[in-house]
Asks: 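What follows is a structure written as structure tokens; I'll ask about it next.
Computation of the quantities below employed the complete heavy-atom set of this structure, encompassing side-chain atoms and omitting hydrogens, waters and symmetry-equivalent molecules. This chain uses plain numbering: 1 for the first residue, then up along the sequence.
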Amino acid sequence: MTNEWKEFPAYTGQPDYSATKKSDTHWMSRFTMKMILDTLGYHRVLMIIARGYLFHEPDGSLKAGDPYERIEYARNALCAWCSVPLIEKSDPQTNFGALADVFPELVDASGLGWMCRHVQNMVRFMDEHPELIARADLSRRDALRTGFQKAWRKKVRQLQVPIFAVNTEGHWTLRFDDLIAAALSEGPLRTEEYPLNDELVALIEEKKPQKMPSHMAQEVVRYYLANRQPDTPWVPLPVINFDAFFGSGTFSKKWLKPLGETIIERDATAYGLSRYCLRDDILYACTDVQQN
């Protein structure tokens, strides 16, 4: 979560559709079933994609020139990623197959965009390896197969609503134009790892909920250090994206509440997002990390 450049290929490259056991959700890549079916957590995903195409070369190095001259290019990358294939009487404004020559990694000539292709491949893997899929996920296979593209097409239409439109459809708050503006403001993807010193690791281990995996608690602290701004102690906590990063919903369902009683303070969650800050003793131990 802290090294954003490592996150970028998870949304633009070829996922590895494999698993070793039912608890292994590697085949979903950086997504969860809830994230896909409830359409949550896409603000971060689309921001990572937009910043990657605005600021970076394929090898991760920074692009030369003015990123404002690449606004249309980055917007087209988002369109290609979100593209939905045409079916009878469907909306042609959600099909961006014409961008296949520019973004072959994100969309094909039929308009099958990265996200739709990923869901199709997930369903294919579930069909071929039901013995490796948890029962709860397997029960949602038909919803993915028959319902995802219809719901996604509606979201893609809403993503294109002009900034000054009087009326919008539904409560989808993301728009391509807003995402590009925010991406320009945030700048290049972060490449730092933010290692924690031994004292801080020991304190996190002492304070974290019993049996909570150490790497989860450490990543929450690391993410805070990477994203804290000088004018506020609060940092947005993309809960649904943390679930996807950890490969299950146990972070939000089991560990987040007790974590908020020992290591962090947090606000209520809405649309998969809340904000949080570190408790004073943890923040004090972070001083050396921040200075270094």
Asks: Among residues at least two apart in sequence or on other chains, which ones pass salt bridge (charged side-chain N to carboxylate O under 4.0 Å, His left out) with Lys253?
Replies: none
Asks: Does the side chain of Phe148 reach to within under 4.5 Å of the side chain of Met115, using non-hydrogen atoms?
Replies: yes
Asks: Going through the checks in order, is the side-chain contact (heavy atoms from CB on, under 4.5 Å) test met by His26 and Asp16?
Replies: CA-CA 7 Å; His26 186 74; Asp16 176 19; 3.3 Å; yes
Asks: Quick one: which of Phe245, Phe251, Phe246, Trp255 gives a ring-ring contact (aromatic ring centres under 6.0 Å, His included) with His215?
Replies: Phe246
Asks: Does Leu132 share a hydrophobic cluster with Leu138, counting links as ILVMFWY side-chain heavy atoms below 4.5 Å and allowing steps through other members?
Replies: yes
Asks: Of all residues at least two apart in sequence or in a different chain, which pass the side chain to side chain donor-acceptor pair (under 3.5 Å) check with Thr20?
Replies: Asp24
Asks: Scan for side-chain hydrogen bond (donor to acceptor under 3.5 Å, both in side chains) pairs involving residues 137-149, sequence neighbours excluded, and state none if there are none.
Replies: Asp127-Arg141, Asp127-Arg145
Asks: Who passes salt bridge (charged side-chain N to carboxylate O under 4.0 Å, His left out) against Glu205, sequence neighbours left out?
Replies: Lys208
Asks: Could you tell me which residues satisfy salt bridge (charged side-chain N to carboxylate O under 4.0 Å, His left out) with Glu192, sequence neighbours excluded, listed by chain and number?
Replies: none
Asks: Apply the test side-chain contact (heavy atoms from CB on, under 4.5 Å) to residues Leu46 and Leu159: give CA-CA distance (whole Å), side-chain angles for both, the deciding distance (0.1 Å), then the verdict.
Replies: CA-CA 11 Å; Leu46 294 173; Leu159 279 163; 4.2 Å; yes
Asks: Applying side chain to side chain donor-acceptor pair (under 3.5 Å), can you list everything that pairs with Ser29, at least two apart in sequence or on another chain?
Replies: none
Asks: Taking the side chain from Gln229 and the backbone from Asn227, do they hold a donor-acceptor pair closer than 3.5 Å?
Replies: yes
Asks: Check for a donor-acceptor pair, side chain of Thr262 on one end and backbone N or O of Lys207 on the other, with a separation under 3.5 Å.
Replies: yes
Asks: Is there a donor-acceptor pair closer than 3.5 Å between any side-chain N or O of Thr191 and the backbone N or O of Trp5?
Replies: no
Asks: With sequence neighbours left out, which residue pairs that include part of residues 40-50 fulfil the salt bridge (charged side-chain N to carboxylate O under 4.0 Å, His left out) condition?
Replies: Glu7-Arg44
Asks: Is there a donor-acceptor pair under 3.5 Å between the side chain of Trp81 and the backbone N or O of Asn76?
Replies: no
Asks: For the pair Arg51 (side chain) and Gly187 (backbone), establish whether a donor and an acceptor sit closer than 3.5 Å, ignoring hydrogens and angles.
Replies: yes
Asks: What are the two closest non-hydrogen atoms of Ala226 and Thr2, and how far apart are they?
Replies: CB-CG2, 4.1 Å
Asks: Looking at Glu4 and Arg190, would you say the former's side chain and the latter's main chain have a donor-acceptor pair under 3.5 Å?
Replies: yes
Asks: Any link between Ile282 and Tyr223 through a network of hydrophobic side chains (Ile, Leu, Val, Met, Phe, Trp, Tyr) touching at under 4.5 Å?
Replies: yes
Asks: Is a donor on one side and an acceptor on the other found under 3.5 Å between the side chain of Tyr276 and the backbone of Tyr224?
Replies: yes
Asks: Go through it in stages, so that I can follow the logic: the residues are Val221 and Tyr194, the test is side-chain contact (heavy atoms from CB on, under 4.5 Å), and I'd like the CA-CA distance, side-chain angles, deciding distance and then a yes or no.
Replies: CA-CA 10 Å; Val221 173; Tyr194 284 84; over 6 Å; no
Asks: Quick one: do Tyr17 and His118 satisfy side-chain hydrogen bond (donor to acceptor under 3.5 Å, both in side chains)? Show the steps, please.
Replies: CA-CA 10 Å; Tyr17 298 99; His118 178 51; 2.7 Å; yes
Asks: Between Asp178 (side chain only) and Leu174 (backbone N and O only), is there a donor and an acceptor less than 3.5 Å apart?
Replies: no
Asks: Do Asp38 side-chain atoms and Leu40 backbone N/O form a donor-acceptor pair below 3.5 Å?
Replies: no
Asks: Kindly write out the residues that satisfy side chain to side chain donor-acceptor pair (under 3.5 Å) with Thr250, not counting sequence neighbours, or none if the list is empty.
Replies: Ser248
Asks: What pair of heavy atoms forms the shortest contact from Ser110 to Asn95, and how long is it?
Replies: O-ND2, 3.0 Å
Asks: Could you check if a side-chain atom of Thr25 sits within less than 4.5 angstrom of a side-chain atom of Thr32, using non-hydrogen atoms only?
Replies: no
Asks: Among residues at least two apart in sequence or on other chains, which ones pass salt bridge (charged side-chain N to carboxylate O under 4.0 Å, His left out) with Glu219?
Replies: Arg222
Asks: Do Trp234 and Val239 belong together in a cluster built from hydrophobic side chains that touch within less than 4.5 Å?
Replies: no
Asks: What heavy-atom pair brings Ala143 and Leu37 nearest, and what distance separates the two atoms?
Replies: CB-CD2, 4.2 Å
Asks: Could you report the tightest heavy-atom contact between Gly260 and Arg279, atom names first, then the distance?
Replies: O-NH2, 2.8 Å
Asks: Passes ring-ring contact (aromatic ring centres under 6.0 Å, His included), Phe55 versus Phe8? Steps please.
Replies: CA-CA 12 Å; Phe55 295 103; Phe8 179 74; over 10 Å; no
Asks: Can you list the residues that meet the side chain to side chain donor-acceptor pair (under 3.5 Å) rule with His129, with sequence neighbours excluded?
Replies: none
Asks: Following the transitive rule for hydrophobic clusters with a side-chain heavy-atom cut-off under 4.5 Å over Ile, Leu, Val, Met, Phe, Trp and Tyr, establish whether Leu112 and Phe96 coincide in one cluster.
Replies: no
Asks: Output every pair passing salt bridge (charged side-chain N to carboxylate O under 4.0 Å, His left out) with a member in residues 93-110, not counting sequence neighbours, ordered by first then second residue.
Replies: none
Asks: State whether Glu193 and Lys6 are salt-bridged, where the test is any N-O pair (Lys NZ or Arg NE/NH1/NH2 against Asp/Glu carboxylate O) under 4.0 Å.
Replies: yes
Asks: Does Trp152 reach the main-chain N or O of Cys116 with its side chain, forming a donor-acceptor pair under 3.5 Å?
Replies: no
Asks: Please test Gln218 against Leu200 for side-chain contact (heavy atoms from CB on, under 4.5 Å), starting from the C-alpha separation and ending with a verdict.
Replies: CA-CA 9 Å; Gln218 292 176 20; Leu200 183 53; over 6 Å; no
Asks: Just grab all the side-chain hydrogen bond (donor to acceptor under 3.5 Å, both in side chains) pairs involving residues 56-68, residues at least two apart or on different chains.
Replies: Asp59-Ser61
Asks: Can you name the nearest heavy-atom pair linking Ala74 to Ile180, along with the distance?
Replies: CB-CD1, 3.7 Å
